[in-house]
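Note sheet for the following structure.
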Amino acid sequence: MLTINENYLKLQASYLFSDIAKRVASFQAKNPQRNVIKLGIGDVTKALPQACVAAFHKAVDEMAKDATFRGYGPEQGYDFLREAIVVNDFQARGVDISADEIFVSDGAKCDTGNIQELFSTDIKIAIPDPVYPVYLDTNVMAGRTGAFADGRYQGVVYLDSTRENNFVPALPSEDVDLIYLCFPNNPTGSTITKEELKKWVDYARGNKALILFDAAYEAFVRDDSLPRSIYEIEGAKEVAVEFRSFSKNAGFTGTRCAYTVVPKECTAYDSRGNRQTIYPLWNRRHCTKFNGVSYPVQRAAAAVYSEEGKREVRQLTDYYMRNADLVRKEIAALGYDTMGGKNSPYVWIDGKGSSWKFFDMLLDQAGVVCTPGAGFGKCGEGYIRISAFNSYENVEGAMKRIQQVLA
Ligand code: PLP
């Protein structure tokens, strides 16, 4: 008899985006004339940079001729991309990462979800609340948690992110082994200073722990004093794996390309307490279960680092940041407490009551879709997330409507 992995039965159905879609569909059915403005999901809306498109086309043309055709590439990514990454994303900021520590992949979602399988099931994991749900769900699937009770999985150390700590969680009071951090944060839009991040690095060094640092939104950081990479913190290479993505900076959400940095110094321990580097484990996992990102996509990603590509990425992210700025200012002017929107494309708003009630009110009265914070964890209750990924005209229109309802 075939039995299932019962950990999957512990998973809470992720109703968030389907619930939103259902409520929007029902509203549209009742109000067919009303044009709904969607500031809910974190998907980008603007086209790929022209530099990427040109590189993409050129690579497809190469694939069209026997002489330049490419089959399977290196699982870890082509050198041209790995080298461009280290020069531009790390060496340019004084960080010493080598090209062979870069693992190119088809998404930070897969990488942040897959990395946990390198570690044993009885480790203690620390996960922020509210949170990008992938970190939590993949650990549930792997059997690292107990049942779901009262809004939380048993056995997980939740790192509360609240207004009191500016949505940057405090160090855990108990020992943990694997720590997930995401800055700039989805969903709260909060950022972390170098001093605060250093506390986490020092904690991990002192506790034989590892930090999984999701920097998918680093391209939105405008304040130069904030870290764009955890490796800007001394000692982080021993205790941190970093995840990056081309999804939000260059609009690759549908094109798919990302990378993970696994420094060779990073270690974990075997059951006899011997130090083991995790680099060969991740390399082995990657090569066994993944066959590389397509050549044209990697060429398109490498074009992000050309002079034209850098200019276009800056324009794209500036465009979204202008939206975020507008949202933040307009909502704050209405007397609501906001977080994010400064070095992040997300604005996190205290709705002064239930997340879903606020969501329904914005939808019914303003025809604007946001994301209820409660869908990201217990500490998200009471908040909503507004995403800057839309046209300026739509964001402006949404703000005018919200003003009419809330003023
Ligand atoms: N990490 C965070 C925090 C995200 O919000 C997202 C997407 O919304 C991802 C990772 C996924 O990135 P990718 O498109 O590279 O899979």
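As the structure is a computational prediction, the values presented were derived from the model and not from experiment. First listed ligand is number 1; within each ligand, the first listed atom is number 1.
- Residue A216 places no N or O, backbone or side chain, under 3.5 Å from any N or O of ligand 1.
- Heavy-atom separations between T112 and ligand 1 are all 4.0 Å or longer.
- Here the protein heavy atom with the shortest distance to atom 14 (O) of ligand 1 is S247 OG, 2.5 Å.
- Atom numbering of ligand 1 starts at 1 in the shown order; those under 4.0 Å from a heavy atom of G107 are 15 (O), 16 (O).
- When only non-hydrogen protein atoms are considered, atom 16 (O) of ligand 1 lies nearest to R256 NH2, 2.7 Å.
- Screening L178, D214, I230, L210 against V241 for a side-chain contact (heavy atoms from CB on, under 4.5 Å) leaves a single residue, L210.
- For atom 7 (C) of ligand 1, the closest non-hydrogen atom on the protein side is K248 NZ, 3.2 Å.
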Would you sort out whether Y153 and Y158 count as a side chain to side chain donor-acceptor pair (under 3.5 Å), showing the intermediate values? CA-CA 9 Å; Y153 289 99; Y158 285 90; over 6 Å; no
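- Dense packing is recorded around CG of L281, with more than 12 heavy atoms of other residues, nucleotides or ligands lying under 6.0 Å away.
- Atom NZ of K38 is surrounded by 12 or fewer heavy atoms from other residues, nucleotides or ligands within 6.0 Å.
- F167 pairs with exactly one of Y383, F183, F376 by the ring pair (Phe, Tyr, Trp, His ring centres under 6.0 Å) rule, that one being Y383.
- At least one heavy atom of C182 sits under 4.0 Å from some atom of ligand 1.
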Could you give me the CA-CA distance, side-chain angles and deciding distance for R23 and D360, then say whether salt bridge (Lys or Arg N to Asp or Glu O under 4.0 Å) is met? CA-CA 8 Å; R23 289 181 199 218; D360 283 334; 2.9 Å; yes
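- Between D214 and ligand 1, a contact under 3.5 Å exists for at least one N or O pair.
- The environment of K237 atom NZ is dense: over 12 non-hydrogen atoms of other residues, nucleotides or ligands sit within 6.0 angstrom.
- The heavy atom nearest to atom 5 (O) of ligand 1, out of those in F243, Y346, Y217, F252, is found in Y217.
- Considering backbone and side-chain N/O of Y132, none are found under 3.5 Å from N/O of ligand 1.
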